[in-house]
There are 2 protein chains.
Amino acid sequence: METIEQGDAFDPNCPTRMVLDRIGDRWTVLVVISLRNGPRRFTELRRKVNGVTPKVLTQTLRAMERDGLVTREVFAEVPPRVEYTLTPLGMSLQTPIQAIADWAEANVGKVMSAREASLQA
Amino acid sequence: METIEQGDAFDPNCPTRMVLDRIGDRWTVLVVISLRNGPRRFTELRRKVNGVTPKVLTQTLRAMERDGLVTREVFAEVPPRVEYTLTPLGMSLQTPIQAIADWAEANVGKVMSAREASLQA
DNA sequence: CCGGATCCTATCCGATACTG
DNA sequence: CAGTATCGGATAGGATCCGG
């Protein structure tokens, strides 16, 4: 079936629900965007992903690692260096993310004016 | 600019961030899917969106109404009837949602096996 | 430099009960 | 039928400190 089904995201165990949960969280999408041009170090990511705390960034990266979206590579150096890289799977996530971004840019104006209008009513 | 920018979703006030917040919540996406074939009544939605409580469904619908995604129409009848309908804006949300669903269906297997694999490591 | 440990708060969500 | 009111629990996320 090519289109969304009723039983789809309504069930916690369903594919779409799972992806939605990932995309829904505050940072996963930002990390994907930040890594799209190649590997980044932890601190680089911290700077790019404006305002994320180390704990949460670590949480996010670990979750993404578990799901096969990023790989984590530790270099036994002094000072220590850790690089995160998008897997092909992680890279492919950019397609739906881009779709969202496109919709957002195209329609944010309408949403904002709807919001304004509802304040007066 | 056609592609995602760094400053994009990193700022709470930015378009993508806003849309992500909507998509991230548990029910908005499900309501959009449930309404795609035409207007639905409150209780119909409650049934379709499996397990949502009236309070939360109302919250979701009100938020969507504010953002111009749905319209709410009250019929002065006995018994009372209220219909919710997707606006064109709300309809257009199905494009990115479909992109997510497609990605999910195509890649859920990989994510699941990555998860399995990480359990043994 | 990387990120774990701990504590805390905000928010979302669910259950239940009640009203026009 | 279509909600509202109230309460309570779960959890993501933030602040801060500390260790390898």
Of the listed nucleotides dC13(C), dG13(D), dG3(C), the one nearest the side chain of Trp27(B):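 Closest nucleotide to the Trp27(B) side chain: dC13(C).
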Are any of [X]'s side-chain N or O atoms less than 4.0 Å away from OP1 or OP2 of [N]?
| X | N | result |
| --- | --- | --- |
| Thr43(B) | dA2(D) | yes |
| Arg26(A) | dT11(C) | no |
| Arg41(A) | dC1(C) | no |
| Arg46(A) | dG3(C) | no |

Could you go step by step and tell me if Trp27(B) and Val49(B) meet the side chain to side chain contact (heavy atoms under 4.5 Å, CB included) rule? CA-CA 8 Å; Trp27(B) 306 112; Val49(B) 179; 3.2 Å; yes
Rounded distance (Å) that lies between atom [atom2] of [N] and atom [atom1] of [X]:
| X | N | atom1 | atom2 | value |
| --- | --- | --- | --- | --- |
| Leu57(A) | dT16(D) | CG | P | 18 Å |
| Arg40(B) | dA2(D) | CZ | P | 13 Å |
| Arg62(B) | dA2(D) | CZ | C1' | 9 Å |
| Glu44(A) | dG3(C) | CD | P | 13 Å |
| Leu45(A) | dC1(C) | CG | P | 15 Å |
| Asp21(A) | dC13(C) | CG | P | 11 Å |
| Gln59(B) | dC12(C) | CD | P | 8 Å |

Using 4.0 Å as the upper bound for N to carboxylate O, is an ion pair formed by Arg26(A) and Asp21(B)?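 Looking at Arg26(A) together with Asp21(B), the answer is yes, because their closest N to O distance falls below 4.0 Å.
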Residues 72-79 of chain B, side-chain donor-acceptor partners within the protein, below 3.5 Å, at least two apart:
{"from": "Arg72(B)", "atom 1": "NE", "to": "Tyr84(B)", "atom 2": "OH", "distance (Å)": "3.3"}
{"from": "Glu77(B)", "atom 1": "OE1", "to": "Arg81(B)", "atom 2": "NE", "distance (Å)": "3.4"}
{"from": "Glu77(B)", "atom 1": "OE2", "to": "Arg81(B)", "atom 2": "NH2", "distance (Å)": "3.0"}

With the threshold set at under 4.0 Å for non-hydrogen atoms, list the residues of residues 71-85 of chain A touching DNA chain C in residue-number order.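 Heavy-atom contacts with DNA chain C come from Arg72(A), Pro79(A), Pro80(A), Val82(A), Tyr84(A).
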Would you say the side chains of Trp103(B) and Thr95(A) form a donor-acceptor pair under 3.5 Å?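 No.
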Taking C-beta and beyond as the side chain, do Leu45(B) and Leu61(B) meet within less than 4.5 Å on heavy atoms?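 Yes; the side chains approach each other to less than 4.5 Å.
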Side-chain touch Val32(A)/Leu86(A), heavy atoms, less than 4.5 angstrom: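 They are in side-chain contact.
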Check nucleotides 5-11 of chain D against the protein and report each pair of N or O atoms closer than 3.5 Å, with its distance, or say if there are none.
none

Might you point out which heavy atoms bring Arg41(A) and Pro80(A) nearest each other, and give the distance in Å?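 For Arg41(A) versus Pro80(A), the nearest heavy atoms are NH2-O, 3.5 Å.
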Compare every heavy atom of Arg36(A) with every heavy atom of Met91(A), then report the nearest pair and how far apart it is.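 Between these two residues, the closest heavy atoms are CE-O, 3.5 Å.
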With no hydrogens and no angle check, is any side-chain donor or acceptor of Thr87(A) less than 3.5 Å from a backbone partner on Gly68(A)?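 Judged by distance alone, yes, a pair lies under 3.5 Å.
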